[in-house]
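Worksheet: one structure, shown below.
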Amino acid sequence: MKSPWGELQELKGASTAQEEENGVRQAFSNDVLERYSRQMLLLRFGVEGQKRLSQKSVLVIGAGGLGCPAAMYLASAGVGRLGLLDRGDSVDRSNLHRQIGHTDASVGADKCLSLRDSLMRINPGSSICTLSTGITAKFALQLILPFDIVLDCTDNVESRYIISDACAALRKPLVSGSAIGFEGQLSVYCDSEESPCYRCIFPSPPPPDCVGSCDTAGVLGPVPGVIGTMQAVEALKLAAEIEGAEVCSRRMVLYDGLSCETRVIRLRSRSKTCRACGNPEDSSQRIVNPAEFDYGSFTLAGSCATPQSTDQGRLRATALLDKGRLKDALCIDVRPKEQFDMCSIGGFQNIPITKLSKELITIQNRVGDKEIILICRRGVDSATAVSMMRKAGIENATDVIGGLDAWRQECNPEFPTY
Amino acid sequence: MTSVVLEFSGGLELLVDGKKRLEQEVPDKLTLGGLIGWIRSNLIKERHELFSQGQRIRPGVLVLINDVDWELEGKETYNLSSGDCISFISTLHGG
């Protein structure tokens, strides 16, 4: 199959100056010597490390909070070729506090192109190729094949399994990072014979409702910065083949920014029965090519979410335009307090869904025959809240389809986006 | 009773009132599987399924026995000793 990257030129390596020109013998051109001098001064790095680095290619998957700092350091260090892959997201203003490769001027632009522009400003000699398609199971092997080292800077479970399975199949070192809230994690997979893959450590995916995202749970900007930067350190150790360097494989770094504690834990070795990199007893279970594996069903398995109720009996956002109805009703916003404090609709009081079960008796006593109107950010938690109330015998509760997002789109475009 | 240290992170601390570290007295002669069931019944008030199904930890949680992956120590069959530190770490996926 043709490579999705098209024709990639052979890696030339850093330009070497002619020997003995004007009686001067130098390893690289003046520009290269000056630009990379501080890392070449390192005892274990030197001219040879720089040469090796300039002949390696690194693929950064995800141009967000982890991918920005990782790619910026790798481009600055003079990696031979850098690939950027992102699923075609455009830069959003809410990304900027952590995705430091993007600027306010690039809001709305394609993330890969925006990050590439930043990298070219830092190091105009960089060789950077981009694809705004994201990693897909179908093309995973072809997307990863041309690269020596892969960085997983994605934000979802499905991509993590696809990337790891492809790296396990091709035995490419995978530097995996993740961050949310105040915490981050880092590990290197598939970098040696004994090194496990992501699936060795996590044979089954978490239930989807246990997976938080920066979008909903929040994240302190520098936390993915710390992890993305550590990913760059690991990638440089691998690419420059730094003597004596110990790569973070069979170990995992846990960083907790809130307590400023970092721990390194010891992980198991490669599993003999791993479906991706071992030999499972039932050989039909072996994943040889991610293109033949159904990641959608795999990552959805074990969901403990209640099936979505029908929209029957729920309110359209436009119903909230009826001020009289709102005044007569008990209006409850079930989002977390932090979100409610940022913005809310006048007349709504805040009872976060996590505290709702404790408040049900109070609500029952207070509400009488009033209507209860529940709202949340997107209409998922409010539906759960309605069913919690019904179970507790509170019958006259309803909620808003699509939540505050729908309110903004259908009724009040001035309502803040966050 | 046996005295152990329990650690919760990666979001699991939210199931135990936000506490990341607990010094806890637990029944004697528990296996690690037994401890998981005990935590589920005694420390976790709601959303139990985010922690375990009975004595089986939910997928996506790394369990450490004194900072070492429990896979290297016999997993659920490990016999708890006084002073052990057991960590429950939910993997993160954000980026």
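These numbers come from the heavy atoms of this one structure, side chains and all, not from hydrogens, waters or symmetry mates. Below, chains carry the letters A, B, ... as their sequence lines are ordered, and counting in each starts from 1.
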Within residues 69-85 of chain B, residues adjacent to chain A where the heavy-atom gap is under 4.5 Å: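 So far as heavy atoms go, Asp69(B), Trp70(B), Glu71(B), Leu72(B) are the residues that approach chain A to under 4.5 Å.
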Could you tell me which residues in residues 58-67 of chain B have at least one non-hydrogen atom under 4.5 Å from a non-hydrogen atom of chain A, sorted by residue number?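 Listed by number, the contacting residues are Arg58(B), Pro59(B), Gly60(B), Leu62(B), Leu64(B), Asp67(B).
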Tell me, side chain or backbone of [X] under 4.5 Å from chain B's heavy atoms, or both, or neither?
| X | answer |
| --- | --- |
| Leu254(A) | side chain |
| Ser204(A) | both |
| Arg268(A) | both |
| Thr354(A) | both |
| Asp256(A) | side chain |

Does any heavy atom of chain A fall under 4.5 Å from the side chain of Leu14(B), the backbone, both, or neither of them?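 Neither part, no heavy atoms under 4.5 Å.
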Taking all non-hydrogen atoms of both residues into account, name the closest pair between [X] and [Y] and its distance.
| X | Y | answer |
| --- | --- | --- |
| Gln185(A) | Ser90(B) | NE2-O, 3.1 Å |
| Glu46(B) | Ser357(A) | OE1-OG, 3.4 Å |
| Glu183(A) | Lys20(B) | OE2-NZ, 3.7 Å |
| Ser87(B) | Arg263(A) | OG-NH2, 3.4 Å |

Check the surroundings of atom [atom1] in [X]: do more than 12 heavy atoms from other residues, nucleotides or ligands lie under 6.0 Å from it?
| X | atom1 | value |
| --- | --- | --- |
| Phe202(A) | CZ | yes |
| Leu258(A) | CG | yes |
| Glu194(A) | CD | yes |
| Glu359(A) | CD | yes |
| Glu25(B) | CD | yes |

Out of curiosity, Tyr255(A) OH to Leu92(B) CG, how far, rounded to the nearest 0.5 Å?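 So the gap between those two atoms works out to 13.0 Å.
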